[in-house]
2 protein chains.
Amino acid sequence: MAVADFSQIRRNEHLPARIAAQIGREISEGRIAPGHKLPTEHLLAKTFGVSRSVIREAIAQLRNEGLVETRQGVGAFATEIDRRQSLRIEQDDLADRDSFRSLFQLRLALEVEAAALAAVHHTLPDLAKLDEALAQMNGAEKWTDQGIVADLAFHRFVASATRNEYFLQFITFIAERTHLAINAARAAAVLEEIVEVTIAEHVAIRDAIATRDPAEAKEAMRRHLYGAASRLGLKLEML
Amino acid sequence: MAVADFSQIRRNEHLPARIAAQIGREISEGRIAPGHKLPTEHLLAKTFGVSRSVIREAIAQLRNEGLVETRQGVGAFATEIDRRQSLRIEQDDLADRDSFRSLFQLRLALEVEAAALAAVHHTLPDLAKLDEALAQMNGAEKWTDQGIVADLAFHRFVASATRNEYFLQFITFIAERTHLAINAARAAAVLEEIVEVTIAEHVAIRDAIATRDPAEAKEAMRRHLYGAASRLGLKLEML
DNA sequence: TCTTGTACGGTTGTCTGATAACCTTATATG
DNA sequence: CATATAAGGTTATCAGACAACCGTACAAGA
């Protein structure tokens, strides 16, 4: 684990990223209202005590996120809300237990529906992939990340079997975020329990999908995610 | 309508955005594999025929998306998939009917669950906001965007009443994307039908939430979104 | 008085060149 | 063989200049 610790040392964030984060916060917390103009690049450079090109790189980042739009000769403006082009999940936010639970609750909604869609749309190669992931879970040694990798793969294959690209993107993204957050919390004891107990739950999901039973697939996925949340000490709502 | 047409003229995209899009495509289409190194800034500047600072701004954008990570003195690398920090929905993709239906199906899963959570967690001010949005729907003149604005507000308030920040962010984002796509398709005739027919459906959602009945809230939201999809000519799956 | 054209000042977009900081590899030394 | 140093290459930041664009003010003409 010592080597892993060193690899987790965080490189300092570059100036443009830090400045973009600050300006982004000003905008998302309402201190710069939508449609309003940002200070000029020259003034921002003086204010932050950096060169203008650092400011330009920061604004390029914000522009890419859709938080800011620039007009040559005029200035940079905070956009109206509906111009935002991406959804971000800040990993640091997930260190907060309530935020983590909130994301897990949202993941539940998506994955339960995905299980039902997979029950309808899966193909034989999809089933083979699920079986492969199950086999990797069975072979996973304790105290390693291998069980988690197999778990992520299982969920990714379920999402892929929906034949819906957005379910695949969203579920893969959210599942990875939640697992990264679990890793960061270093709940090593929880990892072991997850690996052992959830194999049966994953098998139940696989079997419900294979028998093309959407209601049972939903139920199996629900049981699995509630179980996972419970093992993580999270209290989800079953509605 | 003529004035509106003129306001839609599109500004040329700046060089860094265009270059970031090209490099991003190379990465997402697998021609630059995860973990592999990009050409140096100097070489990219020569290849694209631009200055190095344009390249740096492009890379800053890609870095912000998590597609690329840079190491000073070494180079820029395409990231492993799990380092991607945001979910994007490209508006152009939603011009494709199947993609639009896929996103709508995902929206269904989220909004149905949100209605149930709102039934449990809403407050009196939440109900007042829902009523306000309903009043705006009633007052909306045909052939304007006002009905859509009220509809978006209604869904945003439902999501807010879940008391779950991620439901709020995700639902707001997806609802706006779908409405922008509808606008872009200029289905003016459909707009009128949406505004008139769906008020009753929204009222049913509001009432189920107010009576704290999660199952009924789910059912009401389901009927609303299936109805909306049907009016848009989309065939969703009810599972 | 109203409309059109021009000038001016300010701001963003891009370019050029330089140095700092970092990383990797090769070579020298004990 | 292990450690230290040098060299070369690359990114990160800085500074300055000019191009392109925009908004406003003012002048000229109808």
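Each chain gets a letter, A, B and so on, in the order the sequences are listed, and its residues count up from 1.
Among the protein residues, A/Ile59 comes within range of no part of the nucleic acid, since none of its heavy atoms lies under 4.0 Å from any strand. Contact annotation for A/Ser53: base contact, defined as any heavy-atom pair under 4.0 Å involving a base atom.
Rounded to whole Å, the distance from CG on B/Leu44 to P on D/dT10 is 12 Å. As a whole-Å value, the separation of A/Ile55 CD1 from C/dT14 C1' is 17 Å. Atoms CD (B/Glu41) and C1' (C/dT16) sit 15 Å apart, rounded to a whole Å. Spacing between atom CZ of A/Arg18 and atom P of D/dA12 amounts to 14 Å, rounded to whole angstrom units. As rounded to whole Å, 15 Å separates atom C1' of C/dT12 from atom CG of A/Leu43. Between the NZ atom of B/Lys37 and the P atom of D/dG9 there is a distance of 13 Å, given to the nearest Å. Going from atom CD of B/Glu57 over to atom P of C/dC15 covers 10 Å, rounded to whole Å. Atom pair A/Leu15:CG and D/dA12:P shows a separation of 11 Å (rounding to whole Å applied).
Not a single donor-acceptor pair under 3.5 Å links the side chain of B/Ser160 to the backbone N or O of B/Arg156. Side chain of B/Ser102 to main chain of B/Asp98: a donor-acceptor pair is present (N/O by atom type, distance under 3.5 Å, no hydrogens or angles). With hydrogens and angles disregarded, a donor-acceptor distance shorter than 3.5 Å links the side chain of A/Thr79 to the backbone of A/Gly66.
At D/dG23, one or more side-chain N or O atoms of A/Arg71 fall inside 4.0 Å of OP1 or OP2 (strictly under the cut-off). OP1 or OP2 of D/dT13 has not a single side-chain nitrogen or oxygen of A/Ser51 nearer than 4.0 Å. Phosphate contact (OP1/OP2 of D/dA12, side-chain N/O of B/Thr70, threshold under 4.0 Å): present. Of the side-chain N and O atoms in B/Arg63, one or more sit less than 4.0 angstrom from OP1 or OP2 of D/dA12.
Outside the 6.0 Å centre-distance limit, the rings of A/His155 and A/His179 are not counted as a close aromatic pair.
Taking the six-membered ring for Trp and thresholds of 30 and 60 degrees, A/Phe170 and A/Tyr166 have ring planes more than 60 degrees apart, a perpendicular arrangement.
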Practice item. Go through B/Arg56 and A/Ser53 one step at a time and tell me if the side-chain hydrogen bond (donor to acceptor under 3.5 Å, both in side chains) criterion holds. Key: CA-CA 9 Å; B/Arg56 289 197 54 77; A/Ser53 61; over 6 Å; no
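Checked for salt-bridge contact, B/Arg163 and B/Asp126 meet the test: a charged N lies under 4.0 Å from a carboxylate O.
Checking C/dC15, D/dC22, D/dC14 against every side-chain atom of B/Val54, the shortest atom distance belongs to C/dC15.
Where B/Ala76 and A/Val50 meet DNA chain D, the nucleotide closest to each residue was compared, and B/Ala76 sits on the side nearer the 5' end.
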Polar atoms only, N or O, under 3.5 Å: list the protein pairs with nucleotides 18-20 of chain D and their distances.
from	atom 1	to	atom 2	distance (Å)
D/dA20	N3	A/Gln72	NE2	3.0

